Trainee: 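Have a look at this one.
Worth saying up front: this structure is predicted, and the values here are computed from it rather than measured. Quick note: residue numbers are just sequence positions, from 1.
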Amino acid sequence: MLNPHESSVRDLWLVDEKCWDIDQVYKLYRKYWGDRIRILPIRNEGQSDRIVWFHNPHHCFTSKSAYSWVLLKELGLGSHSVVHGLLPTDVKIVSIRNGFDQGCPSYEVVAETLIHALKGYPILFEDSRNNFVFKGKEGKAQILWERASNLSKDFHICNILNEHLLSQNEAIKKWEKPPKGVFKINFDASINVNRMGYGVIIRDDDGFVLGGGGGFIDKRVSVHEAVCITFERSINLACQLNVIGDMLFETDHASLVNKMHNNGMDVTIIGARIKECKDAFNNFKSADLIWTNLSCNNIADLICTKIV
């Protein structure tokens, strides 16, 4: 169905615009693939095509991700079933080692299954019962809960989850003023089918609002691209207002913070745009991007959601 002049991906872009020719994309690839193609970000000029590795979020090959991929492939497991299949309960060990006792090491049950190990203990053990098995030390349930809760917080920021694995039952946190002499820029993005919204607010160390605003773009984008666009807009706004001192950019999108701090390994198109944002930090005396709870970013969130 390609015409003689269509031979590369860029021939599916609108002339003189960095956006997809949606009609042509759907004509060629139908709805299923068309919906996925149209949200792919288009690279900036000057970036060379390159081979990428799909088995980690940065698309950069690492031996660790290769090992994990091969292991899961050999075991016939998907990422959603890794823990279920690999947790070394006694029942699991019996399946690969003859003569091993599958009974629970601490309670008189016939088999230590996954459900029993994680849920069935009236007293839980530190480090998945290892202290009891190997050291003979019992741990209170509260100790394990606190440790699991802390791990959940780490997992939230490091593994790019949208929600905590465990309910924290904490008091709602509030926005905090930046250190003396520092400006703080909060920003957020939202998406709704074929439109994205963005919101930005700049405040000084007294909490005084120096500027802000928001807007929308009639374009279907991924969450990652929407947040990246908003990050770019927040940097531009600060420069336009000549707020170029010590800066703290704050967002509740953990994925953006992770990509910013691991940008040297990120070879994705979004990664290249984030690198440009990092380079734009040279416009300021100093600058950093930090993560915060959504409750601390509610003004920017309100701006972008009301617009969409």
Side-chain angles (χ1 to χ4, degrees), residues 17-19 39-50 52 57-60 157 160 175-191 196-205 208-217 219 221-292 296-297 299-301 303-304 307:
E17 294 185 43
K18 290 185 178 179
C19 61
I39 65 172
L40 293 174
I42 296 174
R43 65 180 176 82
N44 295 329
E45 294 298 329
Q47 287 180 249
S48 301
D49 292 336
R50 63 190 303 169
V52 299
H58 305 300
H59 289 186
C60 180
I157 186 69
I160 319 175
W175 181 86
E176 296 181 355
K177 297 177 182 179
K180 193 67 175 176
V182 176
F183 302 97
K184 181 180 281 190
I185 301 182
N186 287 81
F187 63 93
D188 201 4
S190 59
I191 57 175
M196 67 153 286
Y198 59 91
V200 182
I201 183 169
I202 307 176
R203 288 171 281 201
D204 63 15
D205 53 11
F208 184 79
V209 176
L210 302 177
F216 64 85
I217 300 174
K219 178 183 179 183
V221 297
S222 66
V223 173
H224 295 302
E225 185 176 10
V227 176
C228 184
I229 290 172
T230 307
F231 188 25
E232 294 168 343
R233 297 293 174 99
S234 67
I235 293 173
N236 291 337
L237 179 61
C239 293
Q240 290 170 10
L241 296 176
N242 201 32
V243 182
I244 55 176
D246 296 313
M247 313 295 294
L248 270 182
F249 290 81
E250 192 170 68
T251 179
D252 58 276
H253 290 272
S255 60
L256 180 66
V257 178
N258 285 325
K259 281 181 172 291
M260 182 76 166
H261 292 166
N262 295 286
N263 192 250
M265 296 177 58
D266 196 331
V267 298
T268 63
I269 293 174
I270 294 297
R273 292 178 66 170
I274 292 174
K275 184 180 184 302
E276 292 176 356
C277 290
K278 196 171 185 178
D279 293 340
F281 275 4
N282 293 325
N283 293 314
F284 309 110
K285 183 178 179 182
S286 69
D288 195 12
L289 174 67
I290 60 174
W291 176 86
T292 188
C296 303
N297 203 34
I299 301 298
D301 178 68
I303 295 172
C304 70
I307 287 173

Trainee: Please enumerate all residues that pass side-chain contact (heavy atoms from CB on, under 4.5 Å) together with A226, with sequence neighbours excluded.
Mentor: A189, I191, M196, V221
Trainee: Please enumerate all residues that pass ring-ring contact (aromatic ring centres under 6.0 Å, His included) together with F183, with sequence neighbours excluded.
Mentor: none
Trainee: Between atom CZ of R203 and atom CD1 of I299, what is the distance when rounded to the nearest 0.5 Å?
Mentor: 6.0 Å
Trainee: Flag the pair F231 / F187 as yes when their ring centroid distance falls below 6.0 Å, and as no otherwise.
Mentor: yes
Trainee: Any non-hydrogen side-chain atom of T292 less than 4.5 Å from a side-chain atom of W175?
Mentor: no
Trainee: Side chain to side chain contact (heavy atoms under 4.5 Å, CB included) for T251 and V257? Distances and angles first, verdict last.
Mentor: CA-CA 8 Å; T251 179; V257 178; 3.9 Å; yes
Trainee: Could you tell me which non-hydrogen atom of P179 sits nearest to which non-hydrogen atom of L248, and how far apart they are?
Mentor: CD-CD1, 4.1 Å
Trainee: Distance from F249 atom CZ to D288 atom CG, nearest 0.5 Å?
Mentor: 10.0 Å
Trainee: Taking A254's backbone N and O only, do any of them form a donor-acceptor pair with N258's side chain (distance below 3.5 Å, no angle check)?
Mentor: yes
Trainee: Where is the tightest heavy-atom contact between G214 and I303, given as atom of each residue plus distance?
Mentor: CA-CG2, 3.9 Å
Trainee: The criterion is side-chain contact (heavy atoms from CB on, under 4.5 Å); which residues satisfy it with D246, sequence neighbours excluded?
Mentor: V182, K285, S286
Trainee: Any side-chain heavy-atom pair from H224 and T268 closer than 4.5 angstrom?
Mentor: no
Trainee: Restricting to side-chain contact (heavy atoms from CB on, under 4.5 Å), what partner residues turn up for V52, sequence neighbours left out?
Mentor: R50, F54, H59, V267
Trainee: Does K184 form a side chain to side chain contact (heavy atoms under 4.5 Å, CB included) with D205? I'd like the steps, not just the answer.
Mentor: CA-CA 8 Å; K184 181 180 281 190; D205 53 11; over 6 Å; no
Trainee: Is it true that a side-chain atom of S234 and a backbone atom of V200 form a donor plus acceptor pair closer than 3.5 Å?
Mentor: no
Trainee: When the side chains of residues 236-244 are checked against the rest of the protein, which donor-acceptor pairs come out under 3.5 Å, sequence neighbours left out?
Mentor:
from : atom 1 : to   : atom 2 : distance (Å)
N236 : ND2    : E232 : O      : 3.3

Trainee: Measuring from L289:CG to I185:CD1, what's the distance to the nearest 0.5 Å?
Mentor: 11.0 Å
Trainee: State, with a plain yes or no, whether a side-chain heavy atom of C296 is found less than 4.5 Å away from one of D252.
Mentor: no
Trainee: Could you tell me whether the side chain of N186 and the main chain of I201 form a donor-acceptor pair under 3.5 Å?
Mentor: no
Trainee: So do I274 and L256 actually touch side chain to side chain, heavy atoms under 4.5 Å?
Mentor: yes
Trainee: Distance from W291 atom CH2 to E250 atom CD, nearest 0.5 Å?
Mentor: 10.0 Å
Trainee: Partners of L40 by side-chain contact (heavy atoms from CB on, under 4.5 Å), sequence neighbours excluded?
Mentor: W20
Trainee: Taking the side chain as everything from C-beta on, heavy atoms only, tell me whether V227 gets closer than 4.5 Å to K259.
Mentor: no
Trainee: State, to 0.1 Å, how close C304 and S190 come at their nearest heavy-atom pair, and which atoms those are.
Mentor: O-OG, 3.0 Å
Trainee: Quick one, M260 and F281 - any side-chain contact, counting heavy atoms below 4.5 Å?
Mentor: yes
Trainee: Enter the distance from K278:NZ to H261:NE2 here, rounded to the nearest 0.5 Å.
Mentor: 7.5 Å
Trainee: Run the salt bridge (Lys or Arg N to Asp or Glu O under 4.0 Å) test against E225 and tell me which residues pass, sequence neighbours left out.
Mentor: K219, R273
